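Notes for the one structure printed next.
Only this structure's heavy atoms are used, side chains among them; waters, hydrogens and symmetry mates stay out. Along the sequence shown, residues carry numbers from 1. Computed from a prediction, not measured in an experiment: that's the story for all the values here.
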Amino acid sequence: MQRLARGWEYPAREATLPALLGNRTMAALGRREALGHLHRQVADPGMRAKLTPDIALGCKRVLLSDDYYPALGRPNVDVVADAITSIGPGAVLTAPTGVARRGTETPSPSTRWTC
């Protein structure tokens, strides 16, 4: 069974190459699929807005996971989309994102970083 799954995986991933090489139709299909997946797994529109990339598909590593979005919806998880200015002991400091908002210090007993 594992051999069958791996045998399918390689051609399936290779099929995405045209989208990464600039084929706009394939890139649009990939983006639509990715946004559909996000919409199915994240009910909160505000959270979806934070998680929706503003870059083209493939500009950063594509995450292939079914449990990533549900993990971000847990009550002990905060998704902070502001720019990080520094990391202190037990806290992440972020830059202000608007005129009326000051920088924020977010307590962080345990942190997983994605860039």
For this session: Report the residues that fulfil side chain to side chain donor-acceptor pair (under 3.5 Å) with Asp67, sequence neighbours left out, ordered by chain and then residue number.
Result: Ser65
Seminar exercise, completed: residues 27-65 vs ring-ring contact (aromatic ring centres under 6.0 Å, His included), sequence neighbours excluded, gives His37-Tyr69
Problem set entry | Side chains of Val79 and Leu51 in contact at under 4.5 Å (non-hydrogen atoms) | yes
For this session: Find out if a path of hydrophobic residues (ILVMFWY) with successive side-chain heavy-atom gaps under 4.5 Å connects Val77 to Val42.
Result: yes
Problem set entry | salt bridge (charged side-chain N to carboxylate O under 4.0 Å, His left out) partners of residues 43-52, not counting sequence neighbours, each pair once | none
Problem set entry | Residue pairs passing the salt bridge (charged side-chain N to carboxylate O under 4.0 Å, His left out) test where at least one lies in residues 16-43, sequence neighbours excluded | Glu33-Arg40
Problem set entry | Contact list for residues 75-95, test ring-ring contact (aromatic ring centres under 6.0 Å, His included), sequence neighbours left out | none
Problem set entry | Other cluster members, Met26 - Ile/Leu/Val/Met/Phe/Trp/Tyr, side-chain contacts below 4.5 Å | Leu29
